[in-house]
Amino acid sequence: MSKATETVLEIDLKALEHNYRYLKSKLKPSTKFMGVVKAFGYGSDAVEISKKLVQLKVDYLAVAYVKEGVALREAGIEVPILVLHPQAVNFDVLLKCHLEPSLYSPKILKAFLQLVKEQHIKAYPIHLKFNTGLNRLGFLEQDVDDIVQHLKNNESVKVVSVFSHMAASEDAKEAPFTTAQIALFDKISNDIVERLGCKPLKHILNTSGILNFPEAQYDMVRSGIGLYGFGNNAKIDLELRPVATLKTIISQLHKIAPHESVGYNRDFKATGYSITATLPIGHADGIRRQYGNNKISVLVGGKKAPIIGNVCMDMIMIDVTGLDCNEGDEVIIFGNDPTAEEFAYAGNTISYELLTGISQRVKRKYINA
Ligand SMILES: *Cc1c(COP(=O)(O)O)cnc(C)c1O
C-alpha cells in the first residue's frame, strides 16, 4: 500500500482473490460461481473486478442493467453475463453484445420471444426468474403453464438457468421463511425442468445464502457483497478482506479557539482550543451528510479523529486535537479500520449502500493486481 496524495478508492485485487477462494471453499467443487458486478462492482470498478474474476475462472458474471453489461463487453470480457433486470427497450443492444437476459414476467418474456423470432435467432440463452417471496421481480408459480406453452419446442431460445432470490438469507430469525423459499423454488424449478424437458442450471443463493444455506447451492451461486469483503455477519467479516479502502489527505489544519465554530450552519462549536483538519472529500463523493456531527471517526496516523460539523459537498472537517499530524498526511476514511460495514452502521445504513455510493468523481486505484 502506498500513501495517498489525493482522495482515492484503493481496490485490493488480492483481497478479492482471497474472498473468492473463501466463498468457493464453502461450496462443492462442481458448483458454478456467478460474480455479481452490478453498480460498478459494488462501487469499486466493474471492469477491473471482472477481469480478476475471469482470471480466477469465474463461471458467470451478473449485472443489473444492459448498459453495465455493454461496458464489460467493450472492455473485452467474454464470459457469459446475466443481466438481472433488463428492459425491453434495450433488447437490441443486449443481443448485439450477447448478454443473457433474466426474464421475469409474462410481458417481458413475450417481448423477448417476439424479437428473437423476428431476427431468426436460434437457441439464444435466457434465464427464468421466479418470485418465491421477495416480491420484487419474478414469475409466479401460476405463470408456469403460460411459460411452458411459450417455450415448449421454441427453437429461438434456450433456457440456460432457472433461479430465484432470497429475501432474508442473512437473518437467522427468518430461517423458516428462507427454508420455505427454497422449498417453493425446488418445486417450481423441478416442474419447469420436467415440462420443458431441458436441463437448466438452478440457483438461488446470494452471499449470505452461501454462508447460511449451503445445502441449497444447486448448480450455481450468485455472490456480490462477499467478494467485496462483507458477509452480513461479524464473524464472517473476520474471514473476509475488504477490497476497497477509501483514503484521502489533510488539505489544511486550523487552530480553533473556544466557542469558534466549524463548517456550515456552525453545527460544531469548540469547547476548548482545538485543531481541525479539512479533507478533500464530501457528500458529492459519497460521504453523505448522515456521517457528520460526530457519528464516526476516521484514521489519522492510526489514531481516531471524529468527523465534526456538517459534511459539505466537497469537504469534511475532522477533529485532530492532540494528534501528531501535518497538512498532506494520509487519512483513512474506511478500509480495515473502520470497515465500510462499521462506517455504514454509524450512518444507519449498510455496507452495500456506502460502497455503491462512492461517486465516480473519486479516483480508483488498483493494488496487488
Ligand atoms: C445483487 C444480487 C445478488 C448478490 O447479492 P449479495 O448479497 O451481494 O451476494 C444476487 N442475486 C440477485 C438477484 C441480486 O440482485
Side-chain angles (χ1 to χ4, degrees), residues 11 13 15-24 26-27 31-73 75 77-86 94 99-102 104 125 127 129 134 136-138 160-170 201-214 216-232 236 240-244 340-341 350-358:
I11 308 299
L13 295 168
L16 176 70
E17 175 169 352
H18 168 86
N19 299 335
Y20 176 79
R21 294 197 194 287
Y22 176 80
L23 293 163
K24 289 276 282 185
K26 302 284 162 193
L27 301 167
T31 304
K32 291 185 190 299
F33 197 101
M34 177 183 275
V36 180
V37 296
K38 61 195 180 190
F40 300 104
Y42 287 44
S44 49
D45 182 295
V47 169
E48 293 303 320
I49 296 287
S50 298
K51 283 184 178 163
K52 182 71 185 184
L53 290 174
V54 168
Q55 194 191 322
L56 294 169
K57 304 243 172 341
V58 81
D59 298 283
Y60 250 96
L61 293 172
V63 293
Y65 300 113
V66 169
K67 194 178 159 194
E68 297 177 305
V70 172
L72 297 182
R73 288 290 184 244
I77 287 161
E78 293 178 344
V79 296
I81 299 174
L82 169 63
V83 181
L84 291 162
H85 197 175
L94 174 140
L99 303 169
E100 304 181 8
S102 157
Y104 49 82
H127 302 252
K129 182 173 200 188
L134 180 58
R136 189 176 73 171
L137 211 57
V160 290
S161 95
V162 177
F163 74 109
S164 186
H165 193 37
M166 290 173 160
S169 56
E170 66 273 44
L201 300 170
K202 296 179 185 176
H203 47 114
I204 189 168
L205 301 183
N206 62 347
T207 300
S208 295
I210 295 169
L211 300 166
N212 300 328
F213 300 88
Q217 62 192 269
Y218 292 98
D219 307 303
M220 183 155 72
V221 298
R222 306 183 304 273
S223 177
I225 199 74
L227 289 174
Y228 306 99
F230 299 96
N232 300 315
I236 299 290
L240 297 169
R241 295 192 197 147
V243 165
E341 180 63 31
I350 56 175
S351 56
Y352 296 74
E353 189 188 37
L354 176 64
L355 291 170
T356 58
I358 301 306

[Y] and [X], any side-chain heavy atoms less than 4.5 Å apart:
X: Tyr352; Y: Asn232; answer: yes
X: Val37; Y: Val63; answer: yes
X: Pro80; Y: Glu100; answer: yes
X: Ser351; Y: Tyr42; answer: no
X: Leu201; Y: Val160; answer: no
X: Val36; Y: Tyr228; answer: no
X: Val243; Y: Ile49; answer: yes
X: Arg241; Y: Asn19; answer: yes

Quick one: does [X]'s side chain have a donor or acceptor within less than 3.5 Å of a partner on [Y]'s backbone?
X: Asp59; Y: Met34; value: no
X: Tyr20; Y: Leu56; value: yes
X: Gln217; Y: Leu205; value: no

Tyr60/His127 aromatic ring centres below 6.0 Å: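 Judged by ring-centre distance (under 6.0 Å), Tyr60 and His127 do meet the cut-off.
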
Between His203 and Tyr218, does the ring centre distance come in under 6.0 Å?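 Aromatic pair excluded; centres sit 6.0 Å or further apart.
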
Compare every heavy atom of [Y] with every heavy atom of [X], then report the nearest pair and how far apart it is.
X: Gly231; Y: Leu240; result: N-CD1, 3.8 Å
X: Val58; Y: Val54; result: CG1-N, 4.0 Å
X: Pro86; Y: Leu94; result: CB-CD1, 4.2 Å
X: Asp219; Y: Lys202; result: OD2-N, 2.7 Å
X: Tyr65; Y: Val83; result: C-CG1, 3.6 Å
X: Leu16; Y: Leu227; result: CD1-O, 3.4 Å

side-chain contact (heavy atoms from CB on, under 4.5 Å) for His85 and Leu137? Distances and angles first, verdict last. CA-CA 8 Å; His85 197 175; Leu137 211 57; 3.6 Å; yes

Supply the atom-to-atom distance [X] [atom1] to [Y] [atom2], rounded to the nearest 0.5 angstrom.
X: Leu82; Y: Phe163; atom1: CG; atom2: CZ; value: 5.0 Å
X: Ile225; Y: Glu341; atom1: CD1; atom2: CD; value: 8.0 Å
X: Glu68; Y: Leu84; atom1: CD; atom2: CG; value: 9.0 Å
X: Leu61; Y: Lys38; atom1: CG; atom2: NZ; value: 13.0 Å
X: His165; Y: Ser102; atom1: NE2; atom2: OG; value: 11.0 Å
X: Leu23; Y: Phe33; atom1: CG; atom2: CZ; value: 5.0 Å

Does a sphere of radius 6.0 Å around NZ in Lys32 hold more than 12 heavy atoms from other residues, nucleotides or ligands, not counting ones at 6.0 Å or beyond? no

Applying side-chain contact (heavy atoms from CB on, under 4.5 Å), run through Tyr22 and Ile236 and close with a yes or a no. CA-CA 10 Å; Tyr22 176 80; Ile236 299 290; 3.8 Å; yes

Any chance you could lay out the side-chain contact (heavy atoms from CB on, under 4.5 Å) test for Phe230 and Leu355, step after step, and finish with the verdict? CA-CA 11 Å; Phe230 299 96; Leu355 291 170; 4.1 Å; yes

Hey, are Arg21 and Glu17 close enough for a salt bridge, meaning a charged N less than 4.0 Å from a carboxylate O?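 A salt bridge is present here (some side-chain N lies under 4.0 Å from a carboxylate O).
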
Residue from Thr207, Asn206, Asn212 passing side-chain hydrogen bond (donor to acceptor under 3.5 Å, both in side chains) with Ser169: Asn206

Let's go through Val79 and Leu53 carefully: what are the C-alpha distance in whole Å and the side-chain angles of both, what is the deciding distance for side-chain contact (heavy atoms from CB on, under 4.5 Å) to 0.1 Å, and is it a yes or a no? CA-CA 10 Å; Val79 296; Leu53 290 174; over 6 Å; no

